[in-house]
Amino acid sequence: MRRTISFTLNGKPTRLAVDDERMLLWILRYDLGLTGTKYGCGEGLCGACTVVVDNETVRACSTPISEVAGKSMLTIEGLEHEGKLHAIQQAFLRHNAFQCGYCTSGMILSAYVLLQKASRPTTAEIIRHMDDNLCRCGSHTRIVEAIQEAAGSKERG
Amino acid sequence: MSAQDKWENEAIEVAGGKVSRREFFGLTGSGLFVFFWAGPGEFFQEPARLPGRPSYPEDFNAYLRIGAEGRVTCFVGKVELGQGAMTSLPMLLAEELDVALDSVDIVMGDTDLCPWDMGTFGSLSIRQFGPVLRKAGAEARGVLLQMAAERLNVPVDRLKVNAGVVTDSSTGKHVPYAELVQGKRIERHIGKVELKPVSSFVVHGKSPVRRDALEKVTGKARYAGDVRLPGMLNARILRPPAHGAVLKQVDTSAAEKVEGVRIVREGDLIAVLHEHRDVAERAKTLIKAEYDNPKVAVDDRTIFDHLLKNAPQPQVVDERGSLTEGEKLSAAIVEETYLNSYVAHAPMETHSATATIENEKVTVWAGTQTPFPVKQQLAEALQVAPEKVRVIVPYVGGGFGGKSASRQAIEAARLAKLTGKPVQVVWDRSEEFFFDTFRPAAVVKIRSGVDALGKLTFWDFKVFCAGDREAKQFYDIPHQRTVSAGGWFGENPAGLHPFAIGPWRAPSVNTNTFARESHIDILAGKAGMDPVEFRLKNLSDKRMRTVLQTAAHQFGWKPAQKQKRLGVGVSCAIYSGTYVATMAEVAVDERTGTVQVKRVVCVQDQGVTVNPDGSRQQMEGSIMMGLGYALAEEVRFRGREILDHNFDSYEIPRFSWLPRIETVLVDNPEVPASGCGEPPIVNMGAVLANAIYDAVGARLLQLPMTPARVKAALQRS
Ligand code: FES
Ligand code: FES
């Protein structure tokens, strides 16, 4: 059904008149031009489309836009703050925690939610939390190290 | 402005006037290709057929440009798949040209701007293309020195270069490259020049920040499916249920009623287009189509017999001594058959392309490993001259050999032509599995022997359908023969494989190494020797001995260190001039058959190392990806229907599989830089099979070593 949906996107109030059954991923990528959120599987199986809604990870490919009405959403484009990279982005950069980079937005946002919830996650907790985010390039070991480093850094917001 | 835009309309002076950089390559690069094109559909059955070889341009101006402001731009036909070529190739140019690394920009994979290249695969970017780029840099440097000598009026041999500034060592007079060149093309050439000796390298061996880092951690990195053009439509294409299925009837009437949707049909190509991909997809589901399905009896269980029956005539790859003589020397003879399954590339980015046609010029942004071959295929498909086609490769979200075939680029361009609008094609995961050019399923039969002293006596190796790469033995064996029948490269009779096959990260070598190194372990057992000791006893190749001994040291390999259900394994291989030894520790749950890999040590000698951290990333990635084909990945199919559609049934490695990974690079300045992106993956099958055997005494002869197969092997043992 076509209706107007309001939510906060990367800190900005947003109103969209759309078919409310459409999946968030495509609205982000095509209607809003936010291409940092990626398509990998379309069925909630890979995590490439991970975004943050009210501080929880959400799979944008299988979440209808209606579900974010009235909520606050963060995509990779909104993570930098006043032109400064978030601590997790910095840690990914320092560790070269990516190769092709296609999984990276989802990885960073999943890690963001983890660090919101646990200030010093153990390696086992990191692995458990990240396990449904797939990376074909095999950047796993560096991603874990980057998250550990970001957890230890102060400027984490 | 990107480095790309900057040079787009750059004027290049050629005999008879000025042309743009695009036209320059139009002039020098056209008419050289001979391509095979069997029409859409069939072409992709054998994606590995390559054009009659054009070659890299001789003129160094094709590879570099020195701007008036002093920045250097490096042009390469290679693409950035994640392997880090964007970061390491400028290092080679900076090294030879003697300019600061951070003054070099790079333009990659744009067929209008970059010199011809066959494609980015086979760990060849550094090994094969590296010397070409270095030579360009060295010759340009030589010419610039001559120009500087004339300008400063001093002999060339008094000149030194540092960071792009030429200085006369006695007077201190100096002139920067930029001033000599003044933004123009360098007309003078001196032909052959010496490359720098390894001893004077200053850029090699550093690990600079990856050039793609900032864009990739901020989501700004653009892939082919991220291109947005005014009026662009998204296409979802009707697909058959199985390869070879023939469309009998189709009813698109319900789909046509969806607001804003366009349906286009040309021959077999039926596409639903809409501004938004998801709306096009929803309309596509309303199409009713009936197909005639071909009856093909083979499936993922019977495939091995099918391959043995239908493989082409074996060819001898290597032969010496006499197998019968070897048998006579043997105290024990072992004969085994090893099986390996079809596996998918499954890059996280599915095949994507965006095409537009303006003023008869076709421009396609494509996630491909082969922009130049794709350009030619596009010209054929659209019936236009090659110079009317431009392929631009933005970042590619993983390739592993699977994006050598780029059907999606043709689809997008055909649809752009049919609709008169820019068209984007982004395959869904099911299409990605369906059209993938799988690593071929294969069979290896080995019969070989060992004498009473633990020396290998003979080796009779037959590989079917994997290909002959690195099939040749490197252990010391007096009597041996290696034969190969069929492969991944297109040397197969029609119908051998039910669907397309092609190169998969280190083609042939995963299968050949799994078989060889498993068999060597079995022979070590027969000889009553430790697997490492046995290998060393039968190895005189110095580089191989070094990587193996280094691995044993790093791993802390101890003969027969038995702990319950924990096992250790070893595997050695040569790939593309790189030597690699891997050791692993695994835990096996005998009840469930599950294997958890605890630790992997990988030691590699790749000759000169350009970028150590980049190499390590590739090694770690190879190890992690290799866990997949070793333990879980196999494509399920019935006839020509692919049963895997997504990551629920086709499992790839994830965080919970992550072992402790240790990588060691053996410094070997004597050997030129060779590939590093593929070699470590080839050991993963055997190293785990050998470790599982060590842990629980069950010998796995088929990949992947799924829990069910581990349990079955336990029952047999
Ligand atoms: S695209 Fe959403 S989980 Fe894969
Ligand atoms: S970096 Fe390529 S998929 Fe993760």
Side-chain angles (χ1 to χ4, degrees), chain A residues 19 21-23 25-27 29-31 33-43 45-46 48 75-80 85-86 88-94 96-106 108 126-144, chain B residues 80-84 207 209-210 212-223 225-226 228 234 275-279 281 345-350 395-400 426 428-430 613-614 617-618 620-627 646-648 652-658 660-661:
Chain A
D19 175 349
E21 286 162 28
R22 288 181 57 203
M23 295 302 162
L25 174 63
W26 307 112
I27 292 176
R29 289 185 51 79
Y30 290 106
D31 301 49
L34 296 176
T35 55
T37 307
K38 300 299 187 205
Y39 167 84
C41 71
E43 296 178 17
L45 299 166
C46 78
T75 70
I76 190 71
E77 289 87 354
L79 200 55
E80 272 174 89
L85 294 184
H86 188 277
I88 300 172
Q89 291 172 306
Q90 285 176 24
F92 268 64
L93 196 141
R94 254 196 307 275
N96 282 330
F98 55 84
Q99 291 181 26
C100 80
Y102 200 78
C103 68
T104 310
S105 302
I108 288 177
I126 293 174
I127 286 173
R128 206 175 320 124
H129 180 84
M130 302 297 294
D131 209 29
D132 290 332
N133 282 74
L134 302 181
C135 172
R136 188 52 156 171
C137 299
S139 298
H140 303 77
T141 181
R142 286 165 187 259
I143 293 171
V144 172
Chain B
E80 178 58 56
L81 305 161
Q83 86 285 31
S207 299
V209 176
R210 285 181 65 123
D212 49 359
L214 192 59
E215 286 178 298
K216 286 182 176 174
V217 302
T218 53
K220 292 189 184 110
R222 281 207 311 173
Y223 302 79
D226 297 335
R228 296 289 176 269
N234 262 273
E275 182 188 352
H276 301 308
R277 188 179 177 283
D278 53 325
V279 180
E281 172 65 28
H345 297 87
M348 292 314 297
E349 179 206 29
T350 58
Y395 287 120
V396 183
F400 318 112
V426 174
D428 70 12
R429 186 51 64 184
S430 175
D613 193 60
Q617 283 182 57
Q618 287 301 298
E620 293 159 10
S622 272
I623 290 164
M624 200 60 194
M625 188 175 184
L627 296 179
N646 214 323
F647 294 121
D648 46 355
I652 64 170
R654 47 180 76 230
F655 280 95
S656 50
W657 300 24
L658 178 65
R660 192 168 114 209
I661 296 175

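Naming: A, B, ... by sequence-line order, numbering from 1 per chain.
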When the 4.5 angstrom heavy-atom criterion is applied to A:T141 and chain B, the contacting part is both
Quick check: do A:H86 and B:V217 have side-chain heavy atoms less than 4.5 Å from each other? no
At a 4.5 Å cut-off on heavy atoms, which part of B:P347 comes close to chain A: side chain, backbone, both, or neither? backbone
Please report the interatomic distance CD1(A:I108) to NZ(B:K216), rounded to the nearest 0.5 Å. 12.0 Å
A:W26 side chain near B:E281 side chain, heavy-atom distance below 4.5 Å: no
With only heavy atoms counted, which part of A:R29 is less than 4.5 Å from chain B, the side chain, the backbone, both or neither? both
B:L658 portion near chain A, given a 4.5 angstrom heavy-atom threshold: side chain
If I measure from the heavy atoms of chain A, does B:A346 come under 4.5 Å with its side chain, its backbone, both, or neither? both
Could you tell me which non-hydrogen atom of B:F655 sits nearest to which non-hydrogen atom of A:M130, and how far apart they are? CD1-O, 3.1 Å
Does some side-chain heavy atom of A:Q99 sit less than 4.5 Å from a side-chain heavy atom of B:Q617? yes
Regarding B:E620 and A:R142, does a basic nitrogen lie under 4.0 Å from an acidic carboxylate oxygen? yes
Select one option (side chain, backbone, both, neither) describing which atoms of B:D613 are under 4.5 Å from chain A's heavy atoms. both
To the nearest 0.5 Å, what is the distance between CD (A:E43) and CG (B:N646)? 4.0 Å
Out of curiosity, B:Q83 CD to A:C137 SG, how far, rounded to the nearest 0.5 Å? 9.5 Å
Proximal component of B:Y395, with respect to chain A [non-hydrogen, under 4.5 Å]: neither
Side chain, backbone, both or neither: which part of A:D31 has an atom under 4.5 Å from a heavy atom of chain B? both
Taking C-beta and beyond as the side chain, do B:R228 and A:T35 meet within less than 4.5 Å on heavy atoms? yes
Quick check: do B:H345 and A:R136 have side-chain heavy atoms less than 4.5 Å from each other? no
Check: A:Y30 and B:R277 side chains under 4.5 Å, non-hydrogen atoms: yes
Is the shortest side-chain heavy-atom distance between B:D428 and A:Y39 below 4.5 Å? yes
Got A:L85 and B:L214 here, is their nearest side-chain heavy-atom distance under 4.5 Å? yes
Supply the atom-to-atom distance B:M625 CE to A:C135 SG, rounded to the nearest 0.5 angstrom. 10.0 Å
Checking A:Q89 against chain B: side chain, backbone, both or neither under 4.5 Å from a heavy atom? both
